[in-house]
Amino acid sequence: MFVQFTTWDIVRNLLEAGRWTLALSLLAFMLGGAVGLLVLFLRISHNRVAQAFTKGYIEIFQGTPLLMQLFIVFFGLPLLGIDVSPWLAAALGLTLFTSAYLAEIWRGCVEAVPRGQWEASASLALSFPQQMRHVVLPQALRVAIAPTVGFSVQVVKGTAVTSIIGFAELTKTGSMLANATFQPFLVFGLVAAGYFALCYPLSLYAKRLERRFHVAR
Amino acid sequence: MSLVNIAGLHKHFGTNHVLKGIDLAVEEGDVIALIGRSGSGKSTLLRTINGLESIDKGELVVDGTAVHDGKGDLRALRQKVGMVFQQFNLFPHLTAGQNVMLAPTVVKKTAKREAEDIAKEVLLKVGLSDKFDSYPDQLSGGQQQRVAIARALAMRPKVLLCDEITSALDPELVNEVLAVVQQLAAEGMTLIMVTHEMRFARDVGNKLIFIHHGRIHESGDPKTILTNPETPELANFTRAVM
């Protein structure tokens with residue numbers, strides 16, 4: 001007995017799954033941003049141990065595929081007796097991945113602030129956190145906005161990988177529908193269109209921001 | 001005891017021995033000009049006085065705050081020692097007024113209203129009371145440097161360090177900055193400046209220090225030693241720059 005799928009059925013199912021892609025992207029981006037800020041602070045602090053630890057952290061996440069990171073979270077944590085659902089594993093894995101990349105992007109932005117700014121604020125007796133808060137971060141932020149929005153595109157596309165550990169987002173739902181309808185080209189075409197609809201506005205926005213902050217002070 | 005006391009100060013950059021035992025006492029109200037060839041160590045010496053360069057060996061005491069062999073409370077030291085840089089280093093995202101108010105409010109926890117009064121007072125002193133709300137990139141180089149002086153003065157430093165503060169300026173803007181420094185000197189501010197303005201050093205300074213190969217090679221009254229240098233090195237130097 002076959003269930004007949006109309007094109008509208010396919011689209012409706014994909015739209016529903018797309019909400020999970022969107023939710024996972026937002027969550028990973030926000031949590032990853034928060035963790036990334038912490039990693040950034042440790043990375044540029046004057047503490048050698050914190051520097052070395054965060055440098056290693058960033059290298060590991062940048063030097064291994066996202067898929068392996070998800071596998072390690074999904075299969076590794078149960079070995080330690082912690083049960084993780086695909087949803088939790090996906091959120092955790094993407095958050096860590098995002099934090100490492102954002103920390104590194106932002107470190108570049110902080111280093112783009114001229115040395116004289118550090119020296120002038122130090123000579124006025126500001127402490128390191130005060131220098132960051134009042135002098136360096138406000139200037140780094142200006143430079144950081146465009147690449148940060150640009151990176152959000154990578155996060156959205158990265159969520160597709162979580163389909164492999166069984167999280168039913170857009171790609172996973174797409175594979176299931178392709179198997180059930182025998183119309184892989186149509187289904188994956190629609191899946192791709194879904195990602196494009198999410199990512200393209202972000203890319204455009206990033207470009208616009210880049211232009212704007214380029215001409216601004 | 002002198003306001004600034006430096007004893008047996010040594011500094012290395014890697015294998016390069018930049019300062020080889022500097023002894024220097026600065027009295028309140030002194031206006032000291034540090035001169036010497038580039039690479040002589042004069043800028044490094046100046047930067048050690050507010051802890052921007054660490055000290056490998058020796059002692060630095062400013063108004064009772066001590067840094068010994070590189071250890072000491074740098075933030076306490078910096079509250080007593082103001083610094084003005086060659087490249088101004090104003091904070092570009094803040095207005096002139098905010099540049100001046102930042103350290104008093106953040107470091108000294110001065111109330112905003114009071115910090116504003118201080119900012120107005122020091123900006124008036126450097127002749128820029130009408131530029132309170134201007135951003136640095138709306139100001140000329142000379143104006144920016146005067147804001148930088150005001151920013152340092154707002155912390156009520158005991159001594160002000162000036163690191164070649166006119167070297168990045170167009171020639172026609174040099175005098176407005178020097179006039180401010182001259183006025184500060186006349187009011188009794190203690191100044192230590194690295195400068196290439198020999199005439200200014202002679203006219204405004206009460207002590208001239210010639211640094212050569214990381215040592216104080218010759219020092220004394222500017223008019224005397226510039227006219228009659230005792231060492232051939234200073235004689236060569238003055239011939240080259242004057």
Side-chain angles (χ1 to χ4, degrees), chain A residues 33 37 40-42 44-52 105-149 206 208-217, chain B residues 43 46-54 65 73-95 98-109 134-138 144-145 147-157 159-163 168:
Chain A
L37 200 61
L40 168 73
F41 266 73
L42 295 174
I44 58 179
S45 72
H46 299 308
N47 185 320
R48 290 281 163 90
V49 180
Q51 275 178 22
I105 290 171
W106 292 342
R107 186 178 70 90
C109 299
V110 166
E111 282 178 0
V113 175
R115 222 168 72 109
Q117 295 288 309
W118 288 98
E119 291 192 342
S121 48
S123 79
L124 289 165
L126 270 69
S127 65
F128 177 74
Q130 290 169 344
Q131 287 178 288
M132 285 297 279
R133 156 93 178 73
H134 296 284
V135 176
V136 177
L137 284 185
Q139 295 181 61
L141 195 68
R142 213 175 265 289
V143 196
I145 290 172
T148 302
V149 174
R208 242 185 57 193
L209 288 172
E210 206 164 313
R211 254 199 312 270
R212 201 167 89 205
F213 285 109
H214 218 73
V215 292
R217 174 168 39 241
Chain B
S43 268
L46 194 74
R47 288 162 60 86
T48 58
I49 301 177
N50 80 342
L52 281 183
E53 300 292 351
S54 62
T65 301
D73 185 350
L74 290 184
R75 292 189 64 207
L77 175 73
R78 287 165 178 163
Q79 293 201 33
K80 294 178 173 170
V81 184
M83 177 130 184
V84 184
F85 300 86
Q86 183 177 352
Q87 298 293 340
F88 329 141
N89 296 344
L90 290 182
F91 308 131
H93 59 300
L94 302 178
T95 62
Q98 290 167 334
N99 262 277
V100 177
M101 287 167 65
L102 181 68
T105 47
V106 168
V107 177
K108 287 189 171 171
K109 314 288 180 208
S134 302
Y135 282 93
D137 65 354
Q138 297 168 322
Q144 288 190 51
Q145 193 60 298
V147 173
I149 293 172
R151 181 174 68 176
L153 291 178
M155 289 295 275
R156 311 285 191 222
V159 48
L160 189 64
L161 311 177
C162 301
D163 192 3

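The chains referred to below are lettered A, B, ... by the order of the sequence lines, with proteins before strands, and numbering in each begins at 1.
- Looking at B:Leu90, the atoms closer than 4.5 Å to chain A (heavy atoms on both sides) all sit in the backbone: N, CA, C or O.
- Chain B forms more heavy-atom pairs under 4.5 Å with one residue of A:Pro138, A:Ala125, A:Pro114 than with any other, namely A:Ala125.
- The side-chain contact (heavy atoms from CB on, under 4.5 Å) test with A:His134 singles out one residue from B:Thr105, B:Val106, B:Leu94, and that residue is B:Val106.
- Without hydrogens or angle criteria, B:Gln144 side chain to B:Asp137 main chain gives no donor-acceptor distance under 3.5 Å.
- Partners of A:Arg115 under the salt bridge (Lys or Arg N to Asp or Glu O under 4.0 Å) rule, at least two apart in sequence or in another chain, are A:Glu119.
- In this pair, A:Phe128 and A:Trp118 present their aromatic rings parallel. The plane angle is below 30°, not in the 30 to 60° band.
- Proximity to chain A (any heavy atom under 4.5 Å) is shown, for B:Val84, by neither the backbone nor the side chain.
- In this structure, the portions of B:Phe91 lying under 4.5 Å from any heavy atom of chain A include both its backbone and its side chain.
- With a 4.5 angstrom heavy-atom cutoff, B:Gln87 does not touch chain A via any of its atoms.
- Contacts between B:Arg151 and chain A at a heavy-atom distance below 4.5 Å involve backbone atoms as well as side-chain atoms.
- Within 6.0 Å of the CZ atom in A:Arg208, the count of heavy atoms belonging to other residues, nucleotides or ligands does not exceed 12.
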